[in-house]
Amino acid sequence: DLVLHSTPKFVRNTSYEIWFPNAYDSTLIDRFPAIPKNHFLGYCGTEGSDERKAYLKYIQNRWDAKLDIFVIGDEMVKMINSYFVHFNKNIGIDINYRNFETIGCGTLLLTNANNGYDELGFINWKNCVFYNSIPALHTNLQILQNNPSLVEKISKAGKELAKEHTYHKRIDFLLTQLEIFYDS
């Protein structure tokens, strides 16, 4: 059997374990121009950890962020489409699905830094924006709020990157890995 891990740190150096990152369904999640971008900053997800809750409290109180807690399905896609910037806070060392869903919606991804992003093509200030503390988050939000054209440029680059992280791409990769696995 082949073991798939969505977090690279858990992949042991064996012939039967591979890194299989999360992705998104591009047939359901996209940029829908009919949905106006009404919110500079938003968050769609669960409250999660105490650390995430502290960040959510900060962005709501300081930046008047639109918080859509436990909104799922089509409504989640609509809400992410309505933000210029989508806040994300991975829990632990994962790279959660919301990263891919956000860029798939053509919305700027603002997320905590993580070593796994490099291998996935995420580049700070090119196709997403990273933060590693509340002060860094604050500085980045100030820059983004004062530069709408930069937000648009990064969002477009993120949308391009999203094409590499669809379920179709992951299936192609998995089929290749299965072929290699069973040929060896």
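Everything numeric here is computed off the predicted structure, so don't read it as measured data.
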**Fill in**
On a heavy-atom basis, the closest approach of Lys37 and Tyr83 is NZ-O, 2.7 Å

**Request:** State, with a plain yes or no, whether a side-chain heavy atom of Val151 is found less than 4.5 Å away from one of Ile154.
**Result:** no

**Request:** Report yes or no: do Met76 and Phe32 belong to one cluster of Ile/Leu/Val/Met/Phe/Trp/Tyr joined by side chain heavy-atom distances under 4.5 Å?
**Result:** yes

**Asked** Do the two ring centres, one from Tyr55 and one from Tyr131, sit under 6.0 Å apart?
**Response** yes

**Fill in**
Across all chains, not counting sequence neighbours, the salt bridge (Lys or Arg N to Asp or Glu O under 4.0 Å) partners of Lys126 are none

**Request:** Just say parallel, tilted or perpendicular for the rings of Phe122 and His165, cut-offs at 30° and 60°.
**Result:** parallel

**Request:** Check the side chains of Asn22 and Asn99 for a donor-acceptor pair under 3.5 angstrom, ignoring hydrogens and angles.
**Result:** no

**Request:** Give the cluster check for Tyr97 versus Phe20: same hydrophobic cluster or not, with ILVMFWY residues linked at side-chain heavy-atom distances below 4.5 Å.
**Result:** no

**Asked** Given Ile29, which of Thr102, Val77, Asn81 fulfils the side chain to side chain contact (heavy atoms under 4.5 Å, CB included) condition?
**Response** Val77

**Asked** Just checking, is any N or O donor in the side chain of Arg98 or Thr111 under 3.5 Å from an acceptor N or O on the other one?
**Response** no

**Request:** Not counting sequence neighbours, which residues clear ring-ring contact (aromatic ring centres under 6.0 Å, His included) with Tyr24? List them please.
**Result:** none

**Request:** Look only at the side chain of Thr14 and the backbone of Glu17, and say whether a donor-acceptor pair between them is shorter than 3.5 Å.
**Result:** yes

**Prompt:** Which heavy-atom pair separates Asn90 from Asn112 by the least distance, and what is that distance?
**Reply:** N-OD1, 2.7 Å

**Asked** Are Phe181 and Ile18 linked, directly or through other ILVMFWY residues, by side chains that come within less than 4.5 angstrom of each other?
**Response** yes

**From CA spacing to verdict: side chain to side chain contact (heavy atoms under 4.5 Å, CB included), Ile123, Leu161** = CA-CA 10 Å; Ile123 301 169; Leu161 176 63; over 6 Å; no

**Complete:** Lys66 and Asp68 have their tightest heavy-atom pair at NZ-OD1, 2.7 Å

**Prompt:** Do we see a donor-acceptor contact under 3.5 Å between the side chains of Asp118 and Asn115?
**Reply:** no

**Request:** Indicate yes or no: at least one non-hydrogen side-chain atom of Asp183 is less than 4.5 angstrom from one of Glu179.
**Result:** yes

**Prompt:** For the hydrophobic clusters of this structure (ILVMFWY residues joined by side-chain heavy atoms under 4.5 Å, transitively), does one cluster hold both Leu67 and Phe70?
**Reply:** yes

**Request:** Search all heavy atoms of Asn140 against all heavy atoms of Phe130 and return the closest pair with its distance.
**Result:** ND2-O, 2.7 Å

**Message:** For a side chain to side chain contact (heavy atoms under 4.5 Å, CB included) check, start with the C-alpha distance between Asn124 and Val129, then their side-chain angles and the critical distance, and finish with the verdict.
**Reply:** CA-CA 5 Å; Asn124 195 26; Val129 176; 4.0 Å; yes

**Item:** Heavy-atom closest contact (Arg52 atom, Asn96 atom, distance)
**Value:** NH2-ND2, 3.9 Å

**Request:** Classify the ring geometry between Trp63 and Phe40 as parallel (under 30°), tilted (30 to 60°) or perpendicular (over 60°).
**Result:** tilted

**Asked** Of the non-hydrogen atoms in Gly116 and Ile95, which two are nearest, and what is the gap between them?
**Response** C-CD1, 3.5 Å

**Asked** Can the ring centres of Phe100 and Tyr167 be said to be less than 6.0 Å apart?
**Response** no

**Message:** Under 4.5 Å side-chain heavy-atom separation, chaining through any Ile, Leu, Val, Met, Phe, Trp or Tyr, what else clusters with Ile72? Say none if it is isolated.
**Reply:** none

**Message:** Looking at Asp64, I'd like to know if its CG atom is crowded, meaning that more than 12 non-hydrogen atoms belonging to other residues, nucleotides or ligands lie closer than 6.0 Å.
**Reply:** no

**Item:** Lys/Arg-Asp/Glu bridge criterion (N-O < 4.0 Å) met for Glu160, Lys156
**Value:** no

